[in-house]
Amino acid sequence: MYPNPKTMLYHESPFQLVIAVLMSAQTTDVGVNKVTPALFAAYPDANAMAEADVADLEDKIKTIGLYRNKAKNMKKTAIMIRDEFGGQVPNTREELEKLPGVGRKTANVVLSEAFGVPTIAVDTHVERVTKRMGIVPPNASVRETEEILMARIPENRWRDAHHQFIYFGREYCTARNPKCRKDPRIDFCECRVLPQYG
DNA sequence: ATCCCGAGGG
DNA sequence: CCCTCTGGAT
């Protein structure tokens with residue numbers, strides 16, 4: 001199931017991936033993909049976005065959540081990549097997390113998608129799905145969740161597993177009204193009986 | 001712990 | 001109406 005998993009975020013370079021993932025916080029990838037074509041047409045790389053007017057960045061991404069913070073962080077990130085990383089997106093987690101608006105989850109996505117470094121980025125879907133499945137204890141932090149999953153899953157499958165959890169969470173093991181509740185094939189998922197998942 | 005924050009779904 | 005969406009900074 002879920003063959004050839006990859007990010008759904010539109011991008012044509014590591015820089016565009018950083019910006020797209022930065023924008024995806026608390027926002028659907030469909031919503032991000034709706035604004036990135038025009039955004040990247042105007043500002044295709046770090047040098048261009050570093051010179052952007054923040055008000056214009058806001059205007060171009062206005063339809064996504066948290067857009068003011070994101071527009072500000074996008075410009076700062078572009079400037080930092082231009083001035084401190086020689087115009088190239090850094091390929092270590094430590095450097096990536098120096099970029100404003102880039103935390104561990106975003107850095108992990110960029111590392112695995114752009115640079116082939118195996119990671120498991122823990123987002124809202126990964127956390128919900130793995131906790132419901134019982135792979136991760138309910139009270140585990142995001143960081144603990146990542147470590148438990150890395151210990152449990154072979155390294156060469158980390159990247160795919162990340163996407164598979166997300167697809168499964170999006171389409172089936174949804175936050176509200178999970179499909180398992182009405183699926184006769186499923187009789188093991190605790191969502192069926194535990195009211196807190198209803 | 002709180003804030004940011006629009007679109008889409010139920 | 002309310003909840004959720006590939007979070008991060010303070």
Side-chain angles (χ1 to χ4, degrees), chain A residues 2 4-11 14 16-39 54-55 57-78 80 93-115 117-132 136 139-146 149-150 153 158-182 191 195-198:
Chain A
Y2 305 122
N4 189 28
K6 60 182 179 185
T7 181
M8 303 293 284
L9 293 169
Y10 166 74
H11 65 285
Q16 292 184 2
L17 178 64
V18 171
I19 298 302
V21 180
L22 187 157
M23 286 193 290
S24 73
Q26 300 291 279
T27 303
T28 63
D29 57 350
V30 174
V32 174
N33 288 338
K34 198 174 164 189
V35 304
T36 40
L39 176 70
V54 175
L57 292 178
E58 287 184 0
D59 189 57
K60 285 184 163 53
I61 70 170
K62 209 169 203 150
T63 56
I64 68 173
L66 315 179
Y67 70 94
R68 277 189 282 248
N69 282 336
K70 288 172 183 175
K72 194 189 313 174
N73 287 333
M74 284 157 57
K75 181 176 169 76
K76 286 185 182 175
T77 283
M80 195 173 294
R93 178 174 7 247
E94 203 171 349
E95 291 174 312
L96 283 166
E97 289 189 8
K98 289 180 182 172
L99 302 171
V102 176
R104 188 177 182 90
K105 179 260 170 180
T106 300
N108 276 345
V109 171
V110 173
L111 285 171
S112 72
E113 291 291 322
F115 299 119
V117 179
T119 66
I120 299 179
V122 176
D123 55 48
T124 179
H125 293 302
V126 174
E127 182 171 9
R128 181 183 66 253
V129 168
T130 58
K131 285 184 177 179
R132 281 182 179 171
V136 174
N139 58 325
S141 67
V142 173
R143 188 58 184 278
E144 289 166 344
T145 298
E146 182 180 330
L149 292 176
M150 288 192 297
I153 299 169
W158 288 356
R159 189 194 109 102
D160 286 0
H162 160 75
H163 287 109
Q164 286 162 342
F165 285 133
I166 286 175
Y167 291 153
F168 185 60
R170 242 182 224 157
E171 298 166 11
Y172 195 92
C173 189
T174 49
R176 282 188 300 169
N177 304 115
K179 303 289 189 293
C180 63
R181 299 202 128 199
K182 293 188 176 179
C191 278
Q196 68 260 39
Y197 295 133

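Convention: sequence-line order gives letters A, B, ...; per-chain numbering from 1. Nothing here was measured: the structure is a model prediction, and the numbers come from that model.
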**Asked** CE/A:Met80 to CG/A:Asn73 distance, rounded to the nearest 0.5 angstrom?
**Response** 9.5 Å
**A:Glu113 or A:Pro100, whichever maps to the more 5' nucleotide of DNA chain C** = A:Glu113
**Request:** Have a look at A:Arg68 and say if it touches a base, only the backbone sugar-phosphate, or nothing, with a 4.0 Å heavy-atom cut-off.
**Result:** sugar-phosphate
**Message:** Measuring from the side chain of A:Met8 (C-beta onward, heavy atoms only), which nucleotide among C:dC5, B:dG6, C:dT6 has the closest atom?
**Reply:** C:dT6
**Asked** When rounded to the nearest Å, what value does the distance between P atoms of C:dG8 and B:dG8 take?
**Response** 24 Å
**Request:** Take A:Lys34 and A:Leu66, find for each the nucleotide of DNA chain B with the closest heavy atom, and name the residue whose nucleotide sits nearer the 5' end.
**Result:** A:Leu66
**Prompt:** Taking atom C1' of C:dA9 as reference, at what distance in whole Å does atom CE of A:Met80 sit?
**Reply:** 13 Å
**Request:** In whole angstrom, give the distance that lies between atom CZ of A:Arg93 and atom C1' of C:dG8.
**Result:** 16 Å
**Request:** Check the distance between C:dT4's P and A:Ile166's CD1 and give it to me in whole angstrom.
**Result:** 17 Å
**Item:** Side-chain N or O of A:His125 closer than 4.0 Å to phosphate OP1/OP2 of C:dC5
**Value:** yes
**Request:** Taking all heavy atoms of A:Arg132 and all of A:Ala175, pick out the closest pair and write down the distance.
**Result:** NH2-O, 3.0 Å
**Message:** Please classify the nucleic acid contact of A:Val102 as base, sugar-phosphate, or nothing, using heavy-atom distances under 4.0 Å.
**Reply:** sugar-phosphate
**Message:** Both A:Thr124 and A:Asn73 contact DNA chain C. Which one's nearest nucleotide lies toward the 5' end?
**Reply:** A:Thr124
**Item:** Which nucleotide in C:dC5, B:dG10, B:dC5 has an atom nearest any side-chain atom of A:Thr28
**Value:** C:dC5
**Asked** Separation of A:Ile64 atom CD1 from C:dG8 atom C1', in whole Å?
**Response** 14 Å
**Request:** Would you check, one step at a time, whether the test side chain to side chain contact (heavy atoms under 4.5 Å, CB included) holds for A:Phe165 with A:His125?
**Result:** CA-CA 7 Å; A:Phe165 285 133; A:His125 293 302; over 6 Å; no
**Prompt:** Base, sugar-phosphate alone, or nothing: which one does A:Thr27 contact when heavy atoms must sit under 4.0 Å apart?
**Reply:** base
**Message:** With a 3.5 Å cut-off and heavy atoms only, can you find an N or O donor on one side and an acceptor on the other between the side chain of A:Arg176 and the base of C:dC3?
**Reply:** yes
**Message:** Heavy atoms only, 4.0 Å cut-off, all strands: where does A:Lys62 land among base, sugar-phosphate and nothing?
**Reply:** sugar-phosphate
**Item:** Contact under 4.0 Å: A:Gln26 side-chain N or O vs C:dG7 OP1/OP2
**Value:** yes
**Asked** In whole angstroms, how far is the P atom of B:dG6 from the CG atom of A:Asn33?
**Response** 20 Å
**Asked** When the C1' atoms of B:dC5 and C:dC3 are considered, how many whole Å apart are they?
**Response** 14 Å
**Prompt:** Is a side-chain N or O of A:Lys70 found less than 3.5 angstrom from the main chain of A:Met23, in a donor-acceptor match?
**Reply:** yes
**Spacing of A:Arg104 atom CZ relative to C:dT6 atom P, expressed in whole Å** = 21 Å
**Item:** Residues A:His163, A:Glu113; criterion side chain to side chain donor-acceptor pair (under 3.5 Å); working and verdict
**Value:** CA-CA 11 Å; A:His163 287 109; A:Glu113 291 291 322; 3.1 Å; yes
**Item:** A:Asn69, nearest nucleotide to its side chain (from B:dC4, C:dC5, B:dG6)
**Value:** B:dC4
**Message:** Base, sugar-phosphate or nothing for A:Gly31? Non-hydrogen atoms, less than 4.0 Å.
**Reply:** nothing
**Asked** Base, sugar-phosphate alone, or nothing: which one does A:Thr106 contact when heavy atoms must sit under 4.0 Å apart?
**Response** sugar-phosphate
**Prompt:** How close or far is atom P of B:dG6 from atom CE of A:Met23, stated in whole angstroms?
**Reply:** 16 Å
**Prompt:** Stepwise, does the salt bridge (charged side-chain N to carboxylate O under 4.0 Å, His left out) test hold for A:Lys72 with A:Glu58?
**Reply:** CA-CA 8 Å; A:Lys72 194 189 313 174; A:Glu58 287 184 0; over 6 Å; no
**Item:** Atom C1', compared across C:dT4 and B:dC4: separation rounded to whole Å
**Value:** 15 Å
**Prompt:** Which part of the nucleic acid, if any, lies within reach of A:Leu99 when heavy atoms closer than 4.0 Å are counted: base, sugar-phosphate only, or nothing?
**Reply:** sugar-phosphate
**Prompt:** For A:Met8, does the CE atom sit with more than 12 other heavy atoms under 6.0 Å from it, leaving out its own atoms?
**Reply:** no
**Prompt:** Roughly how many Å is it from CD in A:Glu58 to P in B:dG6, rounded to a whole number?
**Reply:** 11 Å
**Spacing of the C1' atoms in B:dG6 and C:dT10 (rounded, Å)** = 22 Å
